[in-house]
Number of protein chains: 2
Amino acid sequence: MSLPHAILTALLERPSSGLELARRFDRSIGYFWSATHQQIYRELGRLERSGCIRALASERPARGRKKEYEVLPAGRAELTGWVSGREDPKPVRDPLLLRMRAAAVVGTDGLPDELRRHLALHERQLADYADIEARDFSARPGTAAGTTTGPAAGTTPGPTEADRLRHLVLRAGMDLERLWVDWLTEALRETSAAPAGPDGA
Amino acid sequence: MSLPHAILTALLERPSSGLELARRFDRSIGYFWSATHQQIYRELGRLERSGCIRALASERPARGRKKEYEVLPAGRAELTGWVSGREDPKPVRDPLLLRMRAAAVVGTDGLPDELRRHLALHERQLADYADIEARDFSARPGTAAGTTTGPAAGTTPGPTEADRLRHLVLRAGMDLERLWVDWLTEALRETSAAPAGPDGA
DNA sequence: CCATCCATGTAACGGGTTACATGATTCG
DNA sequence: CGAATCATGTAACCCGTTACATGGATGG
């Protein structure tokens, strides 16, 4: 039950239409939550029916017309409650780890190429995050100045609480990418060194 | 499309019944893939219909009777192909990161308690993995002797390829837990230090 | 007018989750 | 027998994914 809250958060940061939301989910929001435009439209409909959001007045709501939404008090209350609620971390479920385990049984033929491909993808993602950090958070860890959504740029005051939280989220994303880069490097060392063979037991 | 391959891997390691599989998915397999018994039964049915697995001869297949499965050549081929195929890493989608981002908008009231709770859970999980490592992989990183599934214990030979791969997977799980422990510690430092306030913009 | 975007949807499908149902076995 | 337990299975729901449909605006 996280998508509606992701949308509420995004709409509180800035009222948007469905497609604008979809684009934001492909950019800044994308590094901790992803969603397609179909999911977003479906959820916008539910949120509107449940009174959490409202469509801003438009000339005439028709099929191809842009529709902007804003969050209502009920929506903000819902989000506030969710932030402080309880929700256990989900167990890991990673296809690549599963393939690794399967390779222990049927052999590692063809795996190293795939590991190299993933390594390159994660290195790329890490570099992208580093760019975002340099642009939005002054790169010095623990310090921030200026964000995408626009507070405080130019006067260089101390970072706000909100800035520090957003930076923290970005750093989690970077930490995760670094973890996979390191792990894949080690995995390549172990699988490329020895020849592939069907099982060992 | 990973669950069927998880089941094929588990069945190759040891032919099992549905519930036995479910129990294994709650134990050793659980640190990289999880599944409930309902998922498993549904998938066992599909795999049997598609000729990847076969039910071992039983006195009389009835509703409450145990049914053991083994992998057929087609199933092994399917798994082998999947291991070497292409599958992009999925973008991160973490509810806790999302809540953190939402807290940047609506305030961090009640969040630190939840962060502490998650921290304790991840510390616990890491400790459990460490126990498994000590028991199955002789604890020295890069070296292994003996596994859950039973090869080579007592003679202390070099670890097999399969052992090294399984250890690698376990280490990924441990690395992930350590990442969250570290990140949550840092997050607590930042959110507990300053008082919670609704936004900063 | 036609092609091309932009924007909002519908429909269908599969996986994951939860709750429940039913048949066998065991043990007091 | 009756209760608990093991074991297999059904049903319903929601989320995420893919493909497709429709309407409006823009430019050649």
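Proteins come first, then strands; the chains are lettered A, B, ... in the order of their sequence lines, and each starts at number 1.
For Trp33(A), whose side chain is taken as the heavy atoms from C-beta onward, the closest listed nucleotide among dG16(D), dT8(C), dG16(C) is dG16(D). Comparing dG9(D), dA7(C), dT17(C) by their closest approach to the side chain of Arg93(A) singles out dT17(C).
The CG atom of Asp26(B) sits 15 Å away from the C1' atom of dA7(D) (whole-angstrom rounding). In this entry the distance linking CZ of Phe25(A) with P of dG16(D) reads 10 Å, nearest Å. As a whole-Å value, the separation of Glu68(B) CD from dC6(D) P is 17 Å. In this structure, Met1(B) places its CE atom 15 Å from P of dT17(D), rounding to the nearest Å. One interatomic measurement links the two molecules: CG of Leu47(A) to C1' of dC14(D), which rounds to 14 Å at whole-angstrom precision. Note: CD1 (Ile7(B)) to P (dT8(D)) measures 13 Å, nearest angstrom. Atom pair Leu19(A):CG and dA25(D):P shows a separation of 15 Å (rounding to whole Å applied). As rounded to whole Å, 18 Å separates atom P of dG16(C) from atom CG of Leu3(A).
For the residue pair Ala103(B) and Thr108(B), the shortest heavy atom distance occurs at CB-CG2, 3.9 Å. Shown here for Gly18(B) and Ile40(B), the closest heavy-atom pair between the two residues is O-CG2, 4.0 Å. Counting all heavy atoms, side chain and backbone alike, Asp163(B) lies closest to Phe137(B) at O-CE2, 3.6 Å.
The side chain of Lys67(A) places an N or O atom within less than 4.0 Å of a non-bridging phosphate oxygen (OP1 or OP2) of dG9(C). Phosphate contact (OP1/OP2 of dA7(C), side-chain N/O of Arg23(A), threshold under 4.0 Å): present.
Pairs passing the ring pair (Phe, Tyr, Trp, His ring centres under 6.0 Å) check and including a residue from residues 67-116 of chain A, sequence neighbours excluded, read His5(A)-Trp82(A).
Remark on DNA chain D: of its neighbouring residues Gly18(B) and Lys90(B), the 5'-side contact belongs to Gly18(B), judged by nearest-heavy-atom nucleotide.
Remark: His37(B), Gln38(B), Tyr41(B) in residues 34-42 of chain B come within less than 4.0 Å of DNA chain D through at least one heavy atom.
Salt bridge Glu114(A)/Arg117(A): present, at least one basic N to carboxylate O contact under 4.0 Å.
Using bins of under 30°, 30° to 60° and over 60° for the plane-to-plane angle, the ring pair His118(B)/His122(B) lands in the tilted bin.
When the shell of 6.0 Å around CZ of Arg116(A) is examined, it contains more than 12 heavy atoms from other residues, nucleotides or ligands.
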